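This one's a predicted model, so the numbers in the text were calculated from it and none came from an experiment.
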Amino acid sequence: MQSSNVISLGEALIDRLGPLGGDLTLNQAKTNCFGGAPANVACALGRLGVNVSFVGSLGSDSFGQDFKNLMISRGVNLVALQEDKLRPTRIVLVNRDSDGDRSFGGFEGDMGLGFADQVISRDKLAKDWPLISEGAKWLILGTIPLASNESSEAFSWAIKQSLESGINIALDLNWRSTFWRNEVSTNLGPSIRELNIIKPFLNFPSLIKLAKEEAEWFFNSSNATEISRALPQRPSIIITDGSNPVNWQVNKITGITNTILPPSVVDTTGAGDAFTAGLIYQLMSYEINQIDKETAEEIIKFSICCGAYVCQGIGAIDTQPNQEDIEKFLSISNGGIN
């Protein structure tokens with residue numbers, strides 16, 4: 001498979017989930033699930049039938065091979081996937097409360113050189129870029145690659161190439177303090193140094209998706225219009241807030257859309273990534289500057305359903321929906337989103 005309509009760049013890793021209401025530090029049952037926001041988005045887009053490439057780095061271990069096989073089964077183009085023979089696939093420790101909401105508790109598997117996702121090679125990406133970029137409409141990124149020097153170079157290079165080629169850039173802010181610090185910190189927000197690293201990259205995307213707390217940390221506002229006006233390119237802004245309404249601005253059209261809960265919430269891991277995939281899937285059919293309010297509302301509703309659907313099972317990828325799943329989910333909701 002050559003070239004793709006969407007390129008997703010960033011981390012692929014293992015989420016080691018603790019039991020509901022349990023503690024990973026205790027001797028309790030744990031579940032390993034494939035994860036990492038850009039990898040989750042790539043798999044979700046593949047499930048929806050989108051021609052998507054994933055750019056990242058996995059360890060040459062069993063986790064890495066199994067993840068590769070999973071992405072192949074989802075139809076994800078892996079021509080630009082990198083393999084690191086020195087560093088393992090990262091294992092992220094994820095605690096879940098009784099409602100399925102997550103908190104991150106650090107990492108496992110480091111043998112002294114860090115993890116494979118921290119060393120996405122710019123040179124290797126430059127070599128592979130022509131194989132995936134022709135005809136691409138979107139580059140999807142999160143900010144975690146900026147936490148390591150080598151992956152940050154690949155991140156910056158991909159943005160430059162996309163801007164020069166007219167590829168739209170979508171950024172999921174996806175702030176995770178655990179990835180930026182050598183030890184688990186009780187201060188969840190970004191430091192001034194971390195803000196200064198990330199903020200310049202917010203000037204390039206045509207679409208930014210972020211959670212409400214991220215909006216407050218980075219912009220001192222949770223108003224989509226205010227955030228868009230604060231950036232030179234006036235991007236579309238989508239602000240999620242768990243089960244609370246989504247605040248959005250698309251093509252200078254603003255709205256607030258209520259969410260919907262699935263029949264049961266087992267695990268919220270990957271809900272935001274499924275939302276992002278649904279968003280990009282819908283936007284593939286439009287030019288952003290031609291979207292009207294009714295269309296924008298339908299795009300957001302579809303994205304909400306993608307995120308809610310994933311919460312019905314464990315992990316970010318196994319329960320991702322296809323188009324038919326979402327159509328059924330929308331019909332069952334009976335207008336529950338408005």
Side-chain angles (χ1 to χ4, degrees), residues 1-14 34-43 45-46 51-61 63-65 67-72 76-90 107 109-172 174 176 179-180 194 196-198 200-205:
M1 183 190 299
Q2 302 296 312
S3 73
S4 295
N5 297 123
V6 178
I7 302 166
S8 187
L9 185 154
E11 68 280 3
L13 43 79
I14 302 299
F34 300 109
N40 293 343
V41 172
C43 287
L45 285 169
N51 185 0
V52 56
S53 286
F54 175 69
V55 178
S57 179
L58 286 164
S60 59
D61 46 31
F63 283 135
Q65 185 58 52
F67 209 151
K68 180 179 177 180
N69 291 339
L70 170 64
M71 286 192 277
I72 290 172
V76 178
N77 184 350
L78 297 182
V79 68
L81 177 66
Q82 302 174 19
E83 181 179 296
D84 192 285
K85 298 185 182 300
L86 300 177
R87 299 166 185 83
T89 304
R90 192 194 303 250
F107 312 117
D110 186 358
M111 296 180 289
L113 295 174
F115 299 101
D117 64 273
Q118 295 177 293
V119 288
I120 302 171
S121 167
R122 180 188 61 183
D123 292 343
K124 176 70 165 57
L125 175 58
K127 179 181 178 181
D128 295 333
W129 188 258
L131 301 177
I132 61 174
S133 60
E134 184 177 355
K137 294 184 177 180
W138 286 93
L139 170 68
I140 303 174
L141 302 159
T143 60
I144 286 175
L146 294 174
S148 57
N149 291 333
E150 190 161 350
S151 289
S152 179
E153 290 180 2
F155 181 101
S156 301
W157 188 91
I159 287 179
K160 181 176 183 293
Q161 298 303 309
S162 296
L163 291 172
E164 291 177 354
S165 303
I167 299 172
N168 292 306
I169 298 172
L171 178 74
D172 181 353
N174 198 34
R176 299 287 183 265
F179 287 80
W180 288 78
E194 292 157 348
N196 288 339
I197 292 172
I198 293 173
F201 291 95
L202 303 182
N203 293 328
F204 303 116

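Looking at S8, its side chain never comes within 3.5 Å of a backbone N or O of F54 through a donor-acceptor pair. Remark: side-chain polar atoms of Q82 are paired, donor with acceptor, to backbone N or O of S121 under 3.5 angstrom. Judged purely by atom type and a 3.5 angstrom limit, R87 uses its side chain to pair as donor or acceptor with the backbone of L113. No side-chain donor-acceptor contact under 3.5 Å links D84 to the backbone of S57. Not one N or O on the side chain of S151 forms a donor-acceptor pair closer than 3.5 Å with the backbone of G10.
The aromatic rings of F115 and F107 stand perpendicular to each other, their planes meeting at an angle above 60°, with 30° marking the opposite boundary.
For the atom pair CD1 of I7 and CG of L9, the computed distance is 8.5 Å after rounding to the nearest 0.5 Å. Rounded to the nearest 0.5 Å, atoms OG1 (T89) and CZ (F34) are 9.5 Å apart. Rounding to the nearest 0.5 Å places CD1 of I167 at 12.0 Å from CD1 of I159. Note that CZ of F155 is 4.5 Å distant from CG of L141, once rounded to the nearest 0.5 Å. Here OG of S152 is found 10.0 Å from CD1 of I198. Values are rounded to the nearest 0.5 Å. Atoms CG and NZ, from L139 and K137 in turn, are 15.5 Å apart once rounded to the nearest 0.5 Å.
Under the 3.5 Å distance criterion, with hydrogens and angles disregarded, no donor-acceptor pair is assigned to the side chains of N149 and E153.
Using a 4.5 Å cut-off on side-chain heavy atoms (C-beta onward), M71 and L58 make contact. A heavy-atom distance below 4.5 Å is found between the side chains of W157 and L125.
The two residues A80 and D128 make their nearest non-hydrogen contact at CA-OD2, 3.6 Å.
Within 6.0 Å of atom NZ in K124, more than 12 heavy atoms from other residues, nucleotides or ligands are found, so the atom counts as buried in its surroundings. Other residues, nucleotides and ligands place more than 12 heavy atoms under 6.0 Å from the CG atom of N196.
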